[in-house]
Amino acid sequence: MKHVYRARGYFTVPDGTKVSPFLNATDAMQMDVPWGALGEMSVASGIIDPGRSSWIHVHPAVAQITYVISGILTVWMKGVNDSKPYSLKLTPGNAAISAPGELFQLANNTKRRAAVLYIVSPSYVFEMVGKKVIHDDSILVARAWRELSACKYDVPALKVSKYEAVARRAESKRRLACRKGCPPAPLAAAKVRALRKKANYLAPDKSEIRLLAEGQEGGLAHCVLPAGKVSIPVRHRTVEELWYVVEGTGKVWRARGKQSRVDSVKAGDSITIPVGVSFQFKAGEAGALKILIATIPRWPGPQEAVPSKGRWLPTG
């Protein structure tokens with residue numbers, strides 16, 4: 001993109017510090033940052049004035065790197081398994097990581113302003129409608145640690161489950177995507193996809209593949225290995241597969257490093273083909289082995305599967 005991005009429009013956020021969220025594709029106000037342009041990351045610039053401490057807060061669903069550009073910053077943190085908070089002193093060029101669910105506070109105990117970068121993964125989600133905050137990935141917990149210690153850290157903000165936080169964040173992202181001109185595909189495009197009589201193509205392992213429904217995050221396919229046939233051994237570089245045997249019998253070999261196993265499968269069985277695992281399968285003599293395969297994420301193409309050493313001599 002032929003564009004120079006710079007910090008702009010600093011404003012005071014609820015935790016009491018100043019932030020400019022200048023590189024965030026999920027921010028509906030940043031129309032010059034296309035949706036999805038930064039993948040699962042966002043960058044914001046922050047200012048902590050002399051003598052200022054933020055609220056103690058927690059990010060239930062995202063991790064944050066706080067990188068100091070200038071000044072000196074003290075970061076107070078407490079993880080779930082820590083008995084009490086601890087501090088980290090950051091000088092220019094230093095950074096600290098706060099994991100999802102960790103309590104943390106930024107404190108500038110000096111007489112000089114501190115400038116920082118906040119790098120958040122996945123990207124920070126903040127949604128407002130009018131003057132009302134609908135969603136914020138940051139939850140304020142307390143102004144001071146003594147408040148938390150007095151109640152033994154039993155506060156409502158810390159009772160939000162990781163699942164609930166992720167689910168609320170996903171709902172907010174869908175709304176923000178629509179506001180940035182990236183709505184979901186219309187339901188009119190979600191047509192029924194019937195099983196073809198003829199295969200769409202032969203997979204790299206030489207089994208017959210018939211494509212079924214595909215979604216944004218994964219795809220479904222019907223795989224057939226004819227009776228008595230043995231596939232070519234391969235491994236997948238980026239996708240995981242979930243198999244469900246709909247018809248026939250056979251054997252599946254899987255290996256990773258020095259680990260390997262052979263499993264007999266029949267109709268009604270399901271197995272996983274993890275990323276990076278070498279695998280090979282063969283159909284019984286009585287009939288074709290037919291498998292329903294879910295691929296996560298979506299199948300990127302034949303370059304995904306690379307040759308591997310196998311257990312049996314392939315017939316394809």
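Atoms considered below: every heavy atom in the structure, side chains included; atoms not considered: hydrogens, waters and symmetry mates. Nothing fancy with the numbering, it's 1 onward along the sequence.
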Can you give the donor-acceptor pairs under 3.5 Å from side chains of residues 89-98 to other protein atoms, not counting sequence neighbours?
unit_1 : atom_1 : unit_2 : atom_2 : d
Thr91  : OG1    : Asn94  : OD1    : 2.8
Asn94  : OD1    : Thr91  : N      : 3.1
Ser98  : OG     : Gln64  : O      : 3.3

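- Connection of Val234 to Val265 is established within a shared hydrophobic cluster, with ILVMFWY side chains joined at heavy-atom distances below 4.5 Å, either directly or through further cluster members.
- The ring pair (Phe, Tyr, Trp, His ring centres under 6.0 Å) with His59 is formed by just one residue from the set Tyr124, Tyr118, Phe126; it is Tyr124.
- Contact check for Val58 versus Glu102: no side-chain heavy atoms found under the 4.5 Å cut-off.
- Note that the OG1 atom of Thr17 and the CD1 atom of Ile47 stand 9.5 Å from one another [nearest 0.5 Å].
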message = With side-chain contact (heavy atoms from CB on, under 4.5 Å) as the criterion, how do Lys229 and Ser207 come out once you've worked through the C-alpha distance, each side chain's angles and the decisive distance to 0.1 Å?
response = CA-CA 9 Å; Lys229 296 294 185 180; Ser207 60; over 6 Å; no
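- The shortest side-chain heavy-atom distance between Pro314 and Ser231 does not fall under the 4.5 Å cut-off.
- Scanning all heavy atoms of the two residues, the minimum distance from Ala114 to Asn108 falls at N-ND2, 3.4 Å.
- Glu304 and Thr238 form a side-chain donor-acceptor contact under 3.5 Å, judged by distance and modelled atom types alone.
- No side-chain donor-acceptor contact under 3.5 Å links Ser42 and Ser123.
- Here OG of Ser45 is found 5.5 Å from CG of Leu117. Values are rounded to the nearest 0.5 Å.
- Considering all non-hydrogen atoms of both residues, Trp253 and Lys309 come closest at CH2-O, 3.0 Å.
- Note on Val13 and Ile134: separate hydrophobic clusters, where clusters join Ile, Leu, Val, Met, Phe, Trp and Tyr whose side-chain heavy atoms are under 4.5 Å apart, directly or indirectly.
- No chain of hydrophobic side-chain contacts below 4.5 Å, direct or via other Ile, Leu, Val, Met, Phe, Trp or Tyr residues, connects Val62 to Phe104.
- At least one donor-acceptor pair under 3.5 Å links the side chain of Ser121 to the backbone N or O of Glu40.
- Under the 4.5 Å side-chain heavy-atom criterion for Ile, Leu, Val, Met, Phe, Trp and Tyr, Val133 and Trp55 are members of distinct hydrophobic clusters.
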List, one per line, each side-chain donor-acceptor pair under 3.5 Å for residues 175-202, sequence neighbours excluded.
unit_1 : atom_1 : unit_2 : atom_2 : d
Arg175 : NE     : Glu127 : OE1    : 3.2
Arg175 : NE     : Glu127 : OE2    : 2.9
Arg175 : NH2    : Glu127 : OE1    : 2.8
Arg179 : NH1    : Met128 : O      : 3.1
Arg179 : NH2    : Met128 : O      : 3.4
Lys180 : NZ     : Ala25  : O      : 2.9
Lys180 : NZ     : Asp27  : O      : 3.3
Lys180 : NZ     : Gln30  : O      : 2.8
Lys180 : NZ     : Val33  : O      : 2.5
Arg193 : NH1    : Leu212 : O      : 3.2
Arg196 : NE     : Lys198 : O      : 3.0
Asn200 : OD1    : Leu211 : N      : 2.7

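- Of the inter-residue distances, the one linking Glu171 atom CD with Arg169 atom CZ reads 12.5 Å to the nearest 0.5 angstrom.
- The side-chain heavy atoms of Asn24 and Val43, taken from C-beta on, include no pair separated by under 4.5 Å.
- Hydrophobic clustering (side-chain heavy atoms under 4.5 Å, transitive across Ile, Leu, Val, Met, Phe, Trp, Tyr) keeps Ile48 apart from Ile72.
- For the pair Ile291/Val246, no side-chain contact is recorded, criterion being any heavy-atom separation below 4.5 Å from C-beta on.
- Exactly one of Arg254, Arg311, Lys282 qualifies for a salt bridge (Lys or Arg N to Asp or Glu O under 4.0 Å) with Asp263. That residue is Arg254.
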ask   = Would His3 and Asp32 count as a side-chain contact (heavy atoms from CB on, under 4.5 Å) if you check the C-alpha gap in whole Å, the side-chain angles of each, and the deciding distance to 0.1 Å?
value = CA-CA 9 Å; His3 193 90; Asp32 57 340; 3.3 Å; yes
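- Between Gln216 and Pro297, the closest side-chain pair of non-hydrogen atoms is not below 4.5 Å.
- The two residues Ala288 and Val224 have their closest heavy-atom pair at CB-CG1, 4.0 Å.
- Shortest non-hydrogen contact noted between Gln280 and Pro233 is NE2-CD, 3.6 Å.
- For Ser87, the side chain to side chain contact (heavy atoms under 4.5 Å, CB included) partners are Thr74, Trp76, not counting sequence neighbours.
- In this structure, CD1 on Ile65 lies 9.5 Å from CE on Met41, to the nearest 0.5 angstrom.
- For the atom pair OG1 of Thr272 and CD of Glu241, the computed distance is 10.5 Å after rounding to the nearest 0.5 Å.
- For the atom pair CD1 (Ile139) and NZ (Lys159), the distance works out to 13.5 Å, reported to the nearest 0.5 Å.
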Check against salt bridge (charged side-chain N to carboxylate O under 4.0 Å, His left out), Glu147 and Arg143 = CA-CA 8 Å; Glu147 297 175 32; Arg143 285 188 177 276; over 6 Å; no
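- A salt bridge links Arg298 with Glu214; the closest basic N to acidic carboxylate O contact falls under 4.0 Å.
- Within the structure, every pair that satisfies the ring pair (Phe, Tyr, Trp, His ring centres under 6.0 Å) test and touches residues 264-297, not counting sequence neighbours, is listed here: His236-Phe279, Trp243-Phe279, Trp243-Phe281.
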message = Using the rule given for side-chain contact (heavy atoms from CB on, under 4.5 Å), can you reason through Lys173 versus Thr26, listing the C-alpha separation, both sets of side-chain angles and the distance that settles it, and then say yes or no?
response = CA-CA 7 Å; Lys173 274 188 70 176; Thr26 64; 4.2 Å; yes
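- At a threshold of 4.5 Å between non-hydrogen side-chain atoms, the residues Val239 and Pro300 count as touching.
- Look at Asp82 and Lys84 and you find no salt bridge, because none of the NZ, NE, NH1 or NH2 atoms lies under 4.0 Å from a carboxylate O.
- Residues Leu220 and Ile293 are not in side-chain contact: their nearest non-hydrogen atoms beyond the backbone lie 4.5 Å or more apart.
- With respect to Arg210 and Glu208, a salt bridge is recorded, a charged nitrogen being found less than 4.0 Å from a carboxylate O.
- Of all non-hydrogen atoms in Pro122 and Ala61, the two that sit nearest each other are CD-O, 3.8 Å.
- Lys18 and Thr12 are not linked by any side-chain donor-acceptor pair at a separation below 3.5 angstrom, with hydrogens and angles left out of the test.
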ask   = Taking it one step at a time, do Leu158 and Leu103 satisfy side-chain contact (heavy atoms from CB on, under 4.5 Å)?
value = CA-CA 9 Å; Leu158 298 180; Leu103 291 168; 3.6 Å; yes
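- For Arg237, the salt bridge (charged side-chain N to carboxylate O under 4.0 Å, His left out) criterion is met by no residue, not counting sequence neighbours.
- Counting heavy atoms from C-beta outward, Leu148 and Ile56 have side chains that approach closer than 4.5 Å.
- Sorted by first and then second residue, the ring pair (Phe, Tyr, Trp, His ring centres under 6.0 Å) pairs involving residues 147-174 (not counting sequence neighbours) form an empty list.
- Minimum interatomic distance between Thr315 and Gly228 (heavy atoms only, all atoms of both residues): CG2-O, 4.4 Å.
- Within 6.0 Å of the CZ atom in Arg8, the count of heavy atoms belonging to other residues, nucleotides or ligands exceeds 12.
- For the residue pair Ser138 / Asp136, no side-chain donor-acceptor distance below 3.5 Å is found, with atom types taken as modelled.
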